[in-house]
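Worksheet for the structure shown next.
First listed ligand is number 1; within each ligand, the first listed atom is number 1.
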Amino acid sequence: MTSIQEKKWRLFFALWPSETERTALASWQPLLHELCDGRAMRPATLHVTLVFLGEVAESRLEALQLVAGEVDFQRFYLELLEAHYWGHNHIVYAAPEVVPSQLTSLVNELESKLLNHRFQFEQRPYKPHVTLLRNAKWSDTSLPRQSRVCWQVSDFVLVQSLSDEQGACYEVLARFSAKAD
Ligand code: ATP
Ligand code: MG
């Protein structure tokens with residue numbers, strides 16, 4: 001008997017910056033690159049991952065969007081001011097000093113709804129961040145403070161992860177809005 005392998009899509013949920021926030025975050029990169037070397041992520045790829053699903057069967061895409069559409073969350077501000085370095089994966093990233101409670105609730109609700117509908121993903125302690133540089137090198141000392149980015153989050157997105165000759169590239173497939181205030 002021949003079995004036809006179903007097509008799989010590499011997917012993740014993310015916060016996706018508007019042009020204003022994207023430009024503001026990208027403006028951190030030149031100085032950080034000067035200090036830490038490595039490779040600056042293309043501005044068009046900057047994002048905060050919420051849940052990384054990995055390979056999902058094409059036949060589950062519709063269900064996935066329905067599940068995400070059921071997530072009830074409030075809009076919030078994500079304030080970014082600091083860049084940090086992870087020695088274990090050589091990444092320089094932007095992260096909030098305090099994780100907004102609405103972001104924690106959003107991720108918890110999304111994860112719980114996905115699990116209820118038998119979507120699988122690796123559950124790690126959640127550390128929201130925007131990867132700015134890869135293959136970077138820095139010490140234990142703090143990186144200089146950056147100009148404040150005040151990102152108003154009013155939706156999240158489902159993204160397909162692809163790759164081209166410059167590395168990962170992402171395609172936004174769907175958008176899910178916050179509950180009206
Ligand atoms: P590449 O892996 O091709 O170098 P990438 O890491 O940007 O590029 P993906 O691996 O598809 O692309 O990851 C998409 C997003 O999900 C990135 O923000 C990545 O950090 C995050 N991510 C990937 N794997 C996991 C994981 N197991 N848990 C949490 N987040 C993940
Ligand atoms: Mg990866």
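No donor-acceptor pair closer than 3.5 Å links the side chain of Glu79 to the backbone N or O of Val149. For Thr45 (side chain) and Met41 (main-chain N/O), no donor-acceptor pair under 3.5 Å exists by modelled atom type.
To the nearest 0.5 angstrom, Glu82 atom CD is 9.5 Å from Tyr93 atom OH.
The protein residues lying under 4.0 angstrom from ligand 1, judged by non-hydrogen atoms, are Arg10, Phe12, His47, Thr49, Phe52, Glu122, Arg124, Arg134, Ser161, Ala168, Tyr170.
Taking the six-membered ring for Trp and the full ring otherwise, His129 and Trp86 have centroids separated by under 6.0 Å.
Annotation for Trp16: hydrophobic cluster partners, listed by chain and number, are Phe12, Phe52, Val157, Val159, Tyr170, Val172 (ILVMFWY side-chain heavy atoms under 4.5 Å, direct or chained).
Looking only at atom types and distance, the side chain of Trp9 has no donor-acceptor partner in the side chain of Glu55 under 3.5 Å away.
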